[in-house]
Amino acid sequence: MSSMNLSAIDAALAGAARTPATAAELAKRGQIKETAQAFEASFLTQMMAPMFEGLGEGEFSGGHGEQMFRGFLLEAMGKQMARSGGVGLAADVEREMLKLQGLTDQPVKETPAQ
């Protein structure tokens with residue numbers, strides 16, 4: 001057999017031998033995904049902040065009220081961007097967090113309901 005065939009067989013056996021995910025593992029994966037997305041949202045918020053510096057000066061500015069709520073606007077925009085796919089940072093962070101927890105980044109099958 002060629003080494004390519006052996007690799008395919010090994011991969012198939014590894015996938016078949018993988019046990020279904022437990023509820024605890026699925027919960028941990030969900031938390032990791034949320035944390036990674038929150039990190040990306042925070043990153044995007046900080047990256048957009050300089051775009052708004054200098055705004056609010058002049059006749060048509062929102063004045064003090066606009067300046068007070070600008071942080072909320074930036075945070076909401078960062079969260080929405082992250083939910084919409086962001087810049088890909090969340091996927092990388094999630095993959096590394098999964099590695100730190102000893103989990104693979106491969107999708108898992110849910111445990112069948114009993």
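- Put simply, CZ on Arg70 and CE on Met77 are 11.0 Å apart, with the number rounded to the nearest 0.5 Å.
- One finds the OG atom of Ser42 at 10.0 Å from the CG atom of Leu89 (value rounded to the nearest 0.5 Å).
- With sequence neighbours left out, the salt bridge (charged side-chain N to carboxylate O under 4.0 Å, His left out) criterion links Lys28 to no other residue.
- With sequence neighbours left out, the side chain to side chain donor-acceptor pair (under 3.5 Å) criterion links Glu34 to no other residue.
- Remark: Arg95 pairs with Asp92 by the salt bridge (charged side-chain N to carboxylate O under 4.0 Å, His left out) rule, at least two apart or across chains.
- The line from CD of Gln101 to CD of Glu96 is 12.5 Å long, rounded to the nearest 0.5 Å.
- When hydrophobic residues (I, L, V, M, F, W, Y) are linked wherever their side-chain heavy atoms come within less than 4.5 Å, Leu100 remains an isolated member.
- What you find for Leu44 and Val87 is that their closest heavy atoms are CD2-CG1, 4.0 Å.
- Not one N or O on the side chain of Glu94 forms a donor-acceptor pair closer than 3.5 Å with the backbone of Ile32.
- A donor-acceptor pair under 3.5 Å is formed between the side chain of Glu40 and the backbone N or O of Gly88.
- Annotation: ring-ring contact (aromatic ring centres under 6.0 Å, His included) contacts of Phe69 (sequence neighbours excluded): Phe72.
- Listed here is the closest heavy atom pair of Met97 and Thr35: CE-CG2, 3.8 Å.
- Every pair passing side-chain hydrogen bond (donor to acceptor under 3.5 Å, both in side chains) that includes a residue from residues 74-84 is listed here, sequence neighbours excluded: Glu75-Lys79, Gln80-Arg83, Gln80-Ser84.
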